[in-house]
Structure formats: C-alpha cells, structure tokens
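First the proteins, then the strands, lettered A, B, ... as listed; each starts at 1. No hydrogens, no waters, no symmetry mates; every other heavy atom, side chains included, goes into these values. Because the structure is a prediction, the values reported are computed rather than measured.
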Amino acid sequence: MKVRTRVAPSPTGDPHVGTAYMALFSLCFARQHGGQFVLRIEDTDVARSTPESEQKILESLRWLGLDWDEGPDKGGPYGPYRQSERKPMYAGYVQTLVDAGHAFPCFCTTERLDEMRREQMQRGETARYDGHCMHLPGAEVASRLANEAHVVRMKVPTQGTCVVQDRLRGEIEIDWAQIDMQVLLKADGNPTYHLAVVVDDHLMEITHIIRGEEWINSAPKHVLLYQYFGWDMPEIIHMPLLRNPDKSKLSKRKNPTSITFYERMGFLPEAVINYLGMLGWSMPDGEEKFTLAQMIEQFDLNRISLGAPVFDIAKLKWLNGRWLREDLDAAAFADKLVAWAYNRKNLLQVIPLIRERVDVFSDLAPLASFLLEGMPAYDESAFNARGASLDEIKRLLQFVVWRTEALHDWQRDPLNQLFVDLAAALDIKIRDLLGPVFVAIAGKPVAPPLFDSMAILGPDMCRARLRHALEVLGGVSKKQLKKLEKDYALLPG
RNA sequence: GUCCCCUUCGUCUAGAGGCCUAGGACACCUGGUUUUCAUCCAGGCAACAGGGGUUCGACUCCCCUAGGGGACGCCA
C-alpha cells in the first residue's frame, strides 16, 4: 500500500512546536515507507485564519527542514490544499448525508444551546445536542430553510459503543451517548473541522493520520462519518501531547511555543528537530543525537512511548550546543551566525531604529544587543529607576504579561495602544508603566523604542523576557498571583 | 460534573516475564584538565504511583485504587 500522511495546521496564530512535532512524525513515517507527506491548510475558521499566519507556518516548517510533497505552495494531484479553496466541495457531501438521513438542518440559537449545555452539565451529564431540530416536520424545515440561519448537524446514535482503532493504544471504546451531534456545516456555509478533515483525508487518499491525543474523543465522529460515506477508514495514530513543565498541555501562556521563538533564540533547526524526535521516541541504539535522515531510516511506530513528555528547554539547549560544537567548523559557524543575526532583513528592521542614536558603527552593538540576546542578564536596580517598589514593578510586569497574552495583532501600533490603555486603566503615567517593561524587554535602560523592539522580537520572546524579569525580581508567589488576578479583573477596559 | 487517555530518577528515556543490584542523557552536586569561563573528563545524588492477582519468576500481563493529562464550541 502506498503510504500518505499529512499535517493539517490551522493558520490562526504563530507556528506551534506541536504542529512541527506532528509534522515530524508524519514525515518520518511517510518517507520510511516511500510514501508522500502532504501539507494541508485548515482555514475553515474564517474569522481567525490569516494569510500571514499561514505564511509563517510554511516558513517555519521549511526552516525546520520538514519538506512536504504536496501543499498549497507547490500544488499536487489532490489540490487545492487550502480548505478555503475547497469550500464548494463540502456542501455536496453534506447534502449526501442529509439525503441519506444521516444529517439534518438545525435552527437552534447559540443562547438555547448554551443554556442546554449548562443544564446538562449541572445535572452531571455529558453536554450533547438534545435532538431538538432532528424531528421537525418536513414542511416546516422547507420553509425555515429559505429564510432562517441554520447549520447542518450529523446524527449520532444514542445507544451502543463506538470502537476506535488506535495504532498505538489498540481499541478505544467510547459510548455513542458521549458523542455530540456535531455541526458539519456552519451557518456561514463553511464546513467544520470534523467534516472537512474526513472529506479531505479521504479525497487526498491519506492512509495514516498522525495527530495529537487531544483528538481521541472526537475520533468517533470521524469513524461515523467514514461509515456514513461508506469510505475506508485510515489508520489513526494518536501521539502524546507535549507539555509545559507543570504538566499541562504545552501553551504559550506558560512556555514559548512558537517555532519562530526558537529561531530567534538562535537554535539550529537540526537541533530542534532532533529534540522533538527524542520526545516520545528514541533511537534503537539509544543515541540521542541524530539527524532527520537517521530518524527516517530508523523510524518505528512501536518505539513511541505514550506518556506525554515535558518540553524541556534546558535539554534542548544542551543538544543545540552539541550540534554547534560538533558539526560546525569556524567557517560554517560564521556563515550560520551571519545568516541568523546579521542578515539584511534583520538589519533593515533595526537600522531605522538606531541610526539616529549612532555616531560611529561601534555604537551599534549596545543598541542592537536586545535583538541578539536571549534572556538578558538583568541588573535589578535598573527596574526601579523611578523609585517604584519591587512589588509595584512586579505588579505592572504581570499585568503587561496578561494584557499581551490577549493581543492578537502583534504590531507596533496595537502594542502602543495596549500600553496607553493599561496606563489609563491603572491611572498612572505611561512612562511609569513603560520603565520596567523597557528594561525587561531591552535588558537595560538604553535601547531603541520599546514598541518597535517588541514588534521585532515577537510575542513569544517578549513574554519570555517579561516572565524572566519577574523571576529575576524574586518571582510572584501563588498568593500574590491570586491577589493580582483579582486586581487585574477589576481594571476598567 | 461526564467520558477518554496516560503513569520507570526533578526532566527526556532504555526496558517486549528471568539479561534489573533497573541502564543512558539533561539538570544538580563533587573532583580533574583549562592563566578565567566554557568545553572536555571522572565520580555522586536520584525512579518502576499504591494494592491485589496470574506465574516457578513481574518494571514488563490482568484488575482495582490513586495521581496526572485531555475532551466535552457554528475553534482547530
């Protein structure tokens, strides 16, 4: 059998290491079997998907050397590879299901559904569509379809058990009563993930689906759709989820998750891939340093361990050091370093910010160092240049962390606005707010303008530095955090 | 709350019933090399979640409990 795997990221944010993780395993499996690896963009969430995000995802995967055989940028025999461009195809499949009685139009409002779920959970039941629109008279449905917003839901049995075959875990049994009557077609005419993924995996002849453990609970929906359509089910492999040091699912709130962060920190793509490869998987001979090619050669699904691994930056750093020392001679080191930091694109971003402040080139290094550093070595005294107390500084920094977590458009002006708003909400002068933030981001009181610097550094690096600064200043105890959360919730705006 | 998944040193892992006095790696500690630092080298600390089975024998198989995680959206 010809093996075909895919990675199917959603372009709704920064390129996530979890995406790279799934891509790595999918690619290794496909390559080892002489098959194809496909990149498909799942942009059915029109409100949150952006072309910029898609672009960054493609660039990041390319940077890592995870090359796909078919994708939106290079086409292929199963295109298009962007779900937004496949939109016209889905309605027909949904109609097939409606005609066969496997799906039905639903007119329920969000309010009613929220209320229903709330009550169900209060009663200790699993939240699940109550079938309200499933048995409407045909005439009523026909008339309402013409003038009312509606979705299409799949029918799901209320009795019996669904058996999901997982290549790593064997048979997983989930009662149908636990499975919601999933919306397949949204009111805006776009398919939901569940419909699109099944249709596309089938049409693209995907044979092995390697995805995160978080999908186990929705696998029955997919199993059922394959049955309804009469299609063969691909093999499913649910990988363990990458975790934060506190064991929760890896998230940007607690850990840098963006691939671009690791690039900006100066990690080598080879080392990042190598590190991802040793999470949940190991070489038969126990060797910890290996290339993508070696991993492909030795790859074996049976060597995957199921415990969800903690993403440990310290070990990644050690591994990167080995790659740097063992694989790069001075010339190669120089080339990589220039490409990383002193490339034209980087310089052109920074030069406009610093040229006013420079008389001779040798003035540059201190001014541009913020861009080349990872976690700056802070001088604690720099934080309270304006006489604020340590607790007050930590409070401000923590608030900034929370505000920036909610910021989607990480650009100069929105950042500017964020600080203006926060200062207003706190009823303090903006310079009193910006002082400590400036030091946290730039590492010292003298550097290019804050918002531009933050825009260049990107969200993950900024958040990491803010958190690092908080640690250096003694950290925030659980108790203090509780109190700060309370204060924060009370802020206007 | 309901359901699902998972469980070997702090962390990543080796372990397919006897090779286990449970191995390696990161981190940490100690010492050596190095005019400093780093690298490098040597050593140390440190784990089979608990309880029942099955078996001549269980880290390994089964059951229960506990703990951790995930899912419960017109997000993916």
Check ion pair [X]-[Y] (N to O, under 4.0 angstrom):
{"X": "A:R465", "Y": "A:E471", "result": "no"}
{"X": "A:R40", "Y": "A:E42", "result": "yes"}
{"X": "A:E214", "Y": "A:K249", "result": "yes"}

Below 6.0 angstrom between ring centroids: does that apply to A:W215 and A:Y193? yes
Aromatic centroids of A:F37 and A:W68 separated by under 6.0 Å: no
It should be established whether [X] places a side-chain nitrogen or oxygen under 4.0 Å from OP1 or OP2 of nucleotide [N].
{"X": "A:K249", "N": "B:A71", "result": "yes"}
{"X": "A:T44", "N": "B:A76", "result": "yes"}
{"X": "A:R128", "N": "B:G73", "result": "no"}
{"X": "A:S282", "N": "B:A14", "result": "yes"}
{"X": "A:K186", "N": "B:A76", "result": "yes"}
{"X": "A:R322", "N": "B:A25", "result": "no"}

Taking [atom1] from [X] and [atom2] from [N], how many angstroms apart are they, rounded to a whole number?
{"X": "A:L319", "N": "B:A25", "atom1": "CG", "atom2": "P", "result": "14 Å"}
{"X": "A:E111", "N": "B:G73", "atom1": "CD", "atom2": "C1'", "result": "14 Å"}
{"X": "A:Q122", "N": "B:U2", "atom1": "CD", "atom2": "P", "result": "14 Å"}
{"X": "A:D285", "N": "B:U13", "atom1": "CG", "atom2": "P", "result": "17 Å"}
{"X": "A:W281", "N": "B:G15", "atom1": "CH2", "atom2": "C1'", "result": "16 Å"}
{"X": "A:R325", "N": "B:U39", "atom1": "CZ", "atom2": "P", "result": "7 Å"}
{"X": "A:L306", "N": "B:U8", "atom1": "CG", "atom2": "P", "result": "11 Å"}

In Watson-Crick or G-U wobble terms, with both distances under 3.5 Å, the base opposite B:G67 is B:C6
Watson-Crick or G-U wobble partner of B:A22, both distances under 3.5 Å: none
Which label fits A:W231 and A:H202: parallel for a plane angle under 30°, tilted from 30 to 60°, or perpendicular past 60°?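 Geometry flag for A:H202 against A:W231: parallel rings.
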Where the side chain of [X] is defined as all heavy atoms beyond and including C-beta, which of [options] is the nearest nucleotide?
{"X": "A:M121", "options": "B:A76, B:C12, B:G1", "result": "B:G1"}
{"X": "A:R303", "options": "B:C12, B:C72, B:G15", "result": "B:G15"}
{"X": "A:R48", "options": "B:G70, B:G68, B:C75", "result": "B:C75"}
{"X": "A:N217", "options": "B:A14, B:A71, B:C12", "result": "B:A71"}
{"X": "A:A314", "options": "B:U13, B:U11, B:A27", "result": "B:A27"}
{"X": "A:E213", "options": "B:C72, B:C6, B:C5", "result": "B:C5"}
{"X": "A:W318", "options": "B:A25, B:U2, B:C74", "result": "B:A25"}

Report yes or no: is there a donor-acceptor pair, N or O only, under 3.5 Å between the side chain of A:K315 and the base of B:A27? no
Counting distance alone, no hydrogens or angles: does the base of B:C5 have a donor or acceptor under 3.5 Å from a partner atom on the side chain of A:R169?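 Side chain to base: no pair present.
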Students often get this wrong, so: under 4.0 angstrom with heavy atoms, is [X] touching a base, only sugar-phosphate, or nothing?
{"X": "A:E288", "result": "base"}
{"X": "A:T12", "result": "nothing"}
{"X": "A:C162", "result": "nothing"}
{"X": "A:R118", "result": "nothing"}
{"X": "A:V151", "result": "base"}

Where is the tightest heavy-atom contact between A:I304 and A:L168, given as atom of each residue plus distance?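 In terms of heavy atoms, the two residues are closest at CG2-CD1, 3.9 Å.
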